[in-house]
A.B. asks: 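First the structure, which I've put down as structure tokens, then a few questions once you've had a look.
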2 protein chains.
Amino acid sequence: MNRRKRVTTQCFECKNASCFVKQCSPEYIGLISAKKNQIKINKGQYIFREDSPVFGIYFIQQGRVKVVSSNIDGKEQIVRLAGDGHILGHRGYGGETHPVGAVAQNDVWVCFLDNALLYDAFKANFEFLYAIMMFYSKELRKSEQRSKYFAQMTVEERVIFALLYISESFGLEGMEGSPLITLSRQEIADIAATNADQVSRVLTSLKNREQVSMEGKNIILADLEGLKKSIARYTTSYS
Amino acid sequence: MNRRKRVTTQCFECKNASCFVKQCSPEYIGLISAKKNQIKINKGQYIFREDSPVFGIYFIQQGRVKVVSSNIDGKEQIVRLAGDGHILGHRGYGGETHPVGAVAQNDVWVCFLDNALLYDAFKANFEFLYAIMMFYSKELRKSEQRSKYFAQMTVEERVIFALLYISESFGLEGMEGSPLITLSRQEIADIAATNADQVSRVLTSLKNREQVSMEGKNIILADLEGLKKSIARYTTSYS
DNA sequence: ATGGCTGTCTGCGAAAACGCAGATAAATGA
DNA sequence: TCATTTATCTGCGTTTTCGCAGACAGCCAT
């Protein structure tokens, strides 16, 4: 279903410094370059779907991605936002199927490494495997921290958290350089674990307090510090 | 503060088959045996505290442990229950401090491997590092699955989930072989992300439906299948 | 411009969950 | 054993959150 296009960027000439593949030895970087599958996914398309079999892991070369997981009623929940240098599909690695799906938020270029290639690379490159393990460790910390926060926060606090998380993940700028959020009310709700109605209510309230302003239907975080302060009792990082 | 006692069980004579250390080469198992720190922690004592520095990882040889994380109001949340062969402190590995604390639920024996020993063992034993990475991957899946479920479930469903989780983690048996739960209302609440009052209410309701019965203040899951059925629309595993 | 489509906002009633406080039961120590 | 402490249960009023429905605004194609 995805419209996929083969392109050719060798890893050693890739400008993405944070890519995990860079942890491998030069010879292996060459091998991975040759064997990897570089794919372009158009905006709105799935990179992989929930419950699809796990063939390998994706490394984001460029683009913005949302990782989603749908619940019983078919409603979506956004588990994570990912950008350049991040990896995708690692949740499923070692399992049968992907517990989540990944959707391109704009045009995205990813490098796909299949299970066999990955296994060989892990075996031959301690630094690579170790870096990926550390990444998992960090992801686990963040995941549990987040579920701890969400269990305590009110809807308003969760929405503010979501806004800050989005701005930190995607880092867009609106007029006057303030952080800009282009996701829909529903998508914000999917992050904040609530519904679009509540997001609207919170936004109205934040508008009245002049902590956010609108640019069309996009949101500008006018008073970033004020927003951060209102959830500072929980945390200082939003990722 | 902990009352700790040195004992001496060599890894190769340890009956715990699922210990990750078994993934290492025979020579390394010997080395770890010699360098590890085997400790007994008495019931109720901390194995490590939240926010304490990370010196290494603990491997549970025998015993039951609850992993807790306290929130703003000082209330505790139980993140995980762990038993024989499980590891502790891995959440903090790679970070500065432990994001969680670990408390012995009964007398516990653990083997402590410090950071330097671990790093050497990882570097020299691909299978060991790979197994730990897979463990992280699985933990991440479970953590996110759980927070997804908890966002959707009602209080009653979360309490039932907690009961099933406890019985699966600690596997105790009461009279007639039915699963037995010895945790307090407050501890159950700490798992189900609610408070002790609500747990009481749910238990009363479950008693009326004859799905659970009491043995003193302990809980017997009289109708295990019925309980499972009532949350089957979410999941079939509770770990 | 016009009509239709989609996304957003907001008022209202209903449901869920909470917190408190008093009653009751169980466990502990002298 | 009895008294004291701790844990559990339950009723009630309050707060939070939700879901629905109608109003409104912006965007697109004709």
Side-chain angles (χ1 to χ4, degrees), chain A residues 43-44 71-78 105 149-163 166 180-209 211-220 230-231, chain B residues 43-44 71-78 105 149-163 166 174 180-209 211-220 230-231 234:
Chain A
K43 178 175 176 171
N71 65 22
I72 305 168
D73 328 317
K75 285 181 194 164
E76 267 189 357
Q77 198 170 342
I78 297 181
Q105 290 290 95
Y149 293 153
F150 272 36
Q152 305 176 62
M153 287 177 166
T154 63
V155 167
E156 172 163 314
E157 290 169 330
R158 293 206 300 274
V159 170
I160 294 174
F161 183 94
L163 295 175
I166 296 165
L180 176 75
I181 287 172
T182 58
L183 303 197
S184 71
R185 302 292 177 273
Q186 185 58 54
E187 284 175 313
I188 297 170
D190 292 343
I191 297 175
T194 181
N195 57 46
D197 290 350
Q198 303 285 20
V199 174
S200 265
R201 284 182 241 270
V202 172
L203 285 175
T204 305
S205 148
L206 293 178
K207 258 183 284 180
N208 293 339
R209 281 188 254 154
Q211 297 194 296
V212 308
S213 60
M214 307 302 290
E215 191 180 291
K217 65 171 65 172
N218 294 336
I219 303 161
I220 292 184
S230 55
I231 59 168
Chain B
K43 178 176 176 171
N71 65 21
I72 305 169
D73 329 316
K75 285 180 196 165
E76 267 189 356
Q77 199 170 344
I78 297 181
Q105 291 290 93
Y149 293 153
F150 272 36
Q152 305 175 62
M153 287 177 166
T154 64
V155 167
E156 172 163 313
E157 289 168 330
R158 292 206 301 275
V159 171
I160 294 174
F161 184 93
L163 295 176
I166 296 165
L180 176 75
I181 286 171
T182 59
L183 302 198
S184 71
R185 303 292 177 273
Q186 184 58 54
E187 286 176 311
I188 297 169
D190 293 342
I191 296 174
T194 181
N195 56 46
D197 291 351
Q198 303 287 12
V199 173
S200 262
R201 284 183 240 272
V202 172
L203 285 176
T204 305
S205 147
L206 293 179
K207 258 182 285 181
N208 292 340
R209 280 188 256 155
Q211 296 194 296
V212 308
S213 60
M214 308 301 289
E215 190 179 291
K217 66 168 65 170
N218 294 335
I219 303 160
I220 292 185
S230 55
I231 59 168
Y234 297 100

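Each chain gets a letter, A, B and so on, in the order the sequences are listed, and its residues count up from 1. This one's a predicted model, so the numbers in the text were calculated from it and none came from an experiment.
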A.B. asks: Does B:Gln198 reach the main-chain N or O of B:Asn195 with its side chain, forming a donor-acceptor pair under 3.5 Å?
C.D. replies: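 Here the side-chain-to-backbone pair does not exist.
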
A.B. asks: What distance do B:Gln77 atom CD and B:Thr194 atom OG1 have between them, rounded to the nearest 0.5 Å?
C.D. replies: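 Result: 11.0 Å between the selected atoms.
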
A.B. asks: Using atom CG of A:Leu203 as one end and atom P of C:dG7 as the other, report the distance to the nearest whole Å.
C.D. replies: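 Rounding to the nearest Å, CG of A:Leu203 and P of C:dG7 are 16 Å apart.
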
A.B. asks: Roughly how far apart are A:Ile78 CD1 and A:Ile166 CD1, rounded to 0.5 Å?
C.D. replies: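 Spacing of CD1 (A:Ile78) from CD1 (A:Ile166) equals 7.0 Å.
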
A.B. asks: Which part of the nucleic acid does B:Thr204 contact within heavy-atom distance under 4.0 Å: base, sugar-phosphate only, or nothing?
C.D. replies: sugar-phosphate

A.B. asks: Between B:Met214 (CE) and D:dA7 (P), how many Å, whole number?
C.D. replies: 15 Å

A.B. asks: Please determine whether the number of non-hydrogen atoms from other residues, nucleotides or ligands lying under 6.0 Å from atom NZ of A:Lys207 exceeds 12.
C.D. replies: yes

A.B. asks: Could you tell me how far apart B:Lys207 (NZ) and D:dT10 (P) are, to the nearest whole angstrom?
C.D. replies: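 So the two atoms are 6 Å apart, to the nearest Å.
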
A.B. asks: Using 0.5 Å steps for rounding, measure from the CG atom of A:Asp190 to the CG atom of A:Leu183.
C.D. replies: 9.5 Å

A.B. asks: Protein within reach of the bases, or only the backbone? For nucleotides 14-20 of chain C, mark each nucleotide 5' to 3' as B, S or -, using heavy atoms under 4.0 Å.
C.D. replies: ---SBBB

A.B. asks: Indicate yes or no for a side-chain donor-acceptor contact from B:Thr204 to the backbone of B:Ser200 under 3.5 Å, with no hydrogens or angles considered.
C.D. replies: yes

A.B. asks: List the steps and the verdict of side chain to side chain contact (heavy atoms under 4.5 Å, CB included) for B:Met214 and B:Ile219.
C.D. replies: CA-CA 5 Å; B:Met214 308 301 289; B:Ile219 303 160; 4.0 Å; yes

A.B. asks: Atom CD of A:Glu157 to atom P of D:dT16: distance rounded to whole Å?
C.D. replies: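 So the CD-P distance, A:Glu157 to D:dT16, works out to 11 Å.
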
A.B. asks: How far does CZ of B:Arg201 sit from CG of B:Leu206, to the nearest 0.5 angstrom?
C.D. replies: 14.0 Å

A.B. asks: Between B:Glu215 (CD) and D:dT8 (P), how many Å, whole number?
C.D. replies: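 Distance check: B:Glu215 CD to D:dT8 P gives 15 Å.
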
A.B. asks: Measure CZ/A:Arg185 against C1'/C:dT10 and give the value in whole Å, please.
C.D. replies: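 Distance, rounded to whole Å: 14 Å.
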
A.B. asks: Ignoring hydrogens and angles, tell me if any N or O in the side chain of B:Arg158 forms a donor-acceptor pair with the backbone of B:Met153 under 3.5 Å.
C.D. replies: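 Checked: pair present.
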
A.B. asks: Atom CG of B:Leu206 and atom C1' of D:dC9: how far apart are they, to the nearest Å?
C.D. replies: 14 Å

A.B. asks: Which angle, rounded to 10°, do you find between the first-five-pair axis and the last-five-pair axis of the helix from C:dA1-D:dT30 to C:dA30-D:dT1?
C.D. replies: 40°

A.B. asks: Please confirm whether the shortest side-chain N or O distance from B:Lys217 to OP1 or OP2 of D:dC9 is below 4.0 Å.
C.D. replies: no

A.B. asks: Between atom CG in B:Asn208 and atom P in D:dC9, what is the gap in whole Å?
C.D. replies: 12 Å

